[in-house]
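All values below were derived from every heavy atom in this structure, side-chain atoms included, with hydrogens, water molecules and symmetry-related copies excluded. Computed from a predicted structure; not experimentally measured.
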Amino acid sequence: MIAFYRTTDITSKVYRDALSIRKEVFVSEQGVPEKLEIDAEELATHYVGYVEDQAVVTARTIEEDGAWHIQRVATLNSQRHKGYAKELMKCIEEMAVEEKVPYLTLGAQDQAQNFYSKLGFKVVGEGFLDAGIPHHKMNKKL
C-alpha cells in the first residue's frame, strides 16, 4: 500500500525525500545538471509516495494561469513498474478536481508520452528540448 503526502515547506522531510528521489533519477541516472533540476522549489507543491515508510515516487506542481503544471515525476529505479507513478498522478488529479483546477499540463519526456497518454493527457504543439532531453507539452482537461 502506498501513502501520499504533499508539502510546500522546503524544510520538511517530505520535501527532502522528494529532492532525494529527483537527484537520483534526474541528476544521477539521466545526467541533468543539478542547477537545472533544482529550481523554483519554493513556488511548488511537492508530492511524495511512501511504501512502508520508504519514499519511492515524487512529483511537484506549480500553478500557472489557474492550471497545475506537473513537473519532476520520478520513481526510484528499484520501485518502477509497480504503478506508483500512475497512483501519484491520479492523486494529484483528484486534488486538482477538488480545488476546481480546469486542467493539468506537463512537459513529458518523449519516452514517457505513452504513460501520460494512458492517463488521458494529449500532446499539444511541437517538441522541445529540456536539459537536452526531447519533450512534448501535454494537457488534460478536468
Is it the case that Y50 and D17 place a side-chain donor and acceptor less than 3.5 Å from each other?
-> yes

Look at the side-chain heavy atoms of Ile, Leu, Val, Met, Phe, Trp and Tyr, link any pair under 4.5 Å apart, and say whether I133 and V25 land in one connected group.
-> yes

Student check: side-chain heavy atoms of E99 and L142 closer than 4.5 Å = no

Given the rule that I, L, V, M, F, W and Y join up when any side-chain heavy atoms are under 4.5 Å apart, are L106 and V101 in one cluster?
-> yes

Distance (rounded to the nearest 0.5 Å) between T45 OG1 and Q71 CD = 11.0 Å

Donor-acceptor pair, R16 side chain versus T11 backbone, under 3.5 Å?
-> yes

Between atom OG1 of T105 and atom NZ of K137, what is the distance when rounded to the nearest 0.5 Å?
-> 4.5 Å

Flag side-chain contact, heavy atom, 4.5 Å: M89 against I70 = yes

Validation: residues 114-132 side-chain donor-acceptor distances under 3.5 Å, sequence neighbours left out:
from : atom 1 : to   : atom 2 : distance (Å)
S117 : OG     : Q113 : O      : 3.0

Separation between CG of L104 and CE of M138, rounded to the nearest 0.5 Å = 12.0 Å

Counterpart residues, side chain to side chain contact (heavy atoms under 4.5 Å, CB included), relative to S28 (two or more places apart) = none

Where do P102 and G66 come nearest, in terms of heavy atoms and distance?
-> CD-O, 3.2 Å

When V73, T61, V97 are each screened for side chain to side chain contact (heavy atoms under 4.5 Å, CB included) with I92, the one that passes is T61

Mark yes when over 12 heavy atoms from residues, nucleotides or ligands other than K90 sit less than 6.0 Å from its NZ; otherwise mark no.
-> no

For F26 and Q109, work out which heavy atoms get closest and say how close.
-> CE2-NE2, 4.0 Å

Atom CE in M95, atom CH2 in W68: separation rounded to 0.5 Å?
-> 7.0 Å

Hey, does L88 have a side-chain heavy atom less than 4.5 Å from the side chain of F4?
-> yes

Could you grab the distance from atom OG1 of T75 to atom NZ of K86, nearest 0.5 Å is fine?
-> 13.0 Å

Is there a side-chain contact between V57 and I2 (heavy atoms, below 4.5 Å)?
-> yes

Going through the distances and angles, do V14 and R6 end up as a side chain to side chain contact (heavy atoms under 4.5 Å, CB included)?
-> CA-CA 7 Å; V14 170; R6 71 177 177 169; over 6 Å; no

Heavy-atom check, side chain of R72 versus side chain of D39, under 4.5 Å | yes

Gap separating the OG1 atom of T58 from the OH atom of Y15, nearest 0.5 angstrom | 10.0 Å

Give a yes or no on whether D65 atom CG has more than 12 heavy-atom contacts from other residues, nucleotides or ligands under 6.0 Å away.
-> no

Path from I21 to V32 over hydrophobic side-chain contacts below 4.5 Å | yes

Find out whether H46 and I10 are in side-chain contact, i.e. whether some heavy atom of one side chain is under 4.5 Å from a heavy atom of the other.
-> yes

Which pair of non-hydrogen atoms, one from R60 and one from A44, has the smallest distance, and what is that distance?
-> CD-CB, 3.7 Å

So, do K23 and E34 sit near enough that their side-chain heavy atoms are less than 4.5 Å apart?
-> yes

Under 4.5 Å between any side-chain heavy atoms of I38 and L19, yes or no?
-> yes

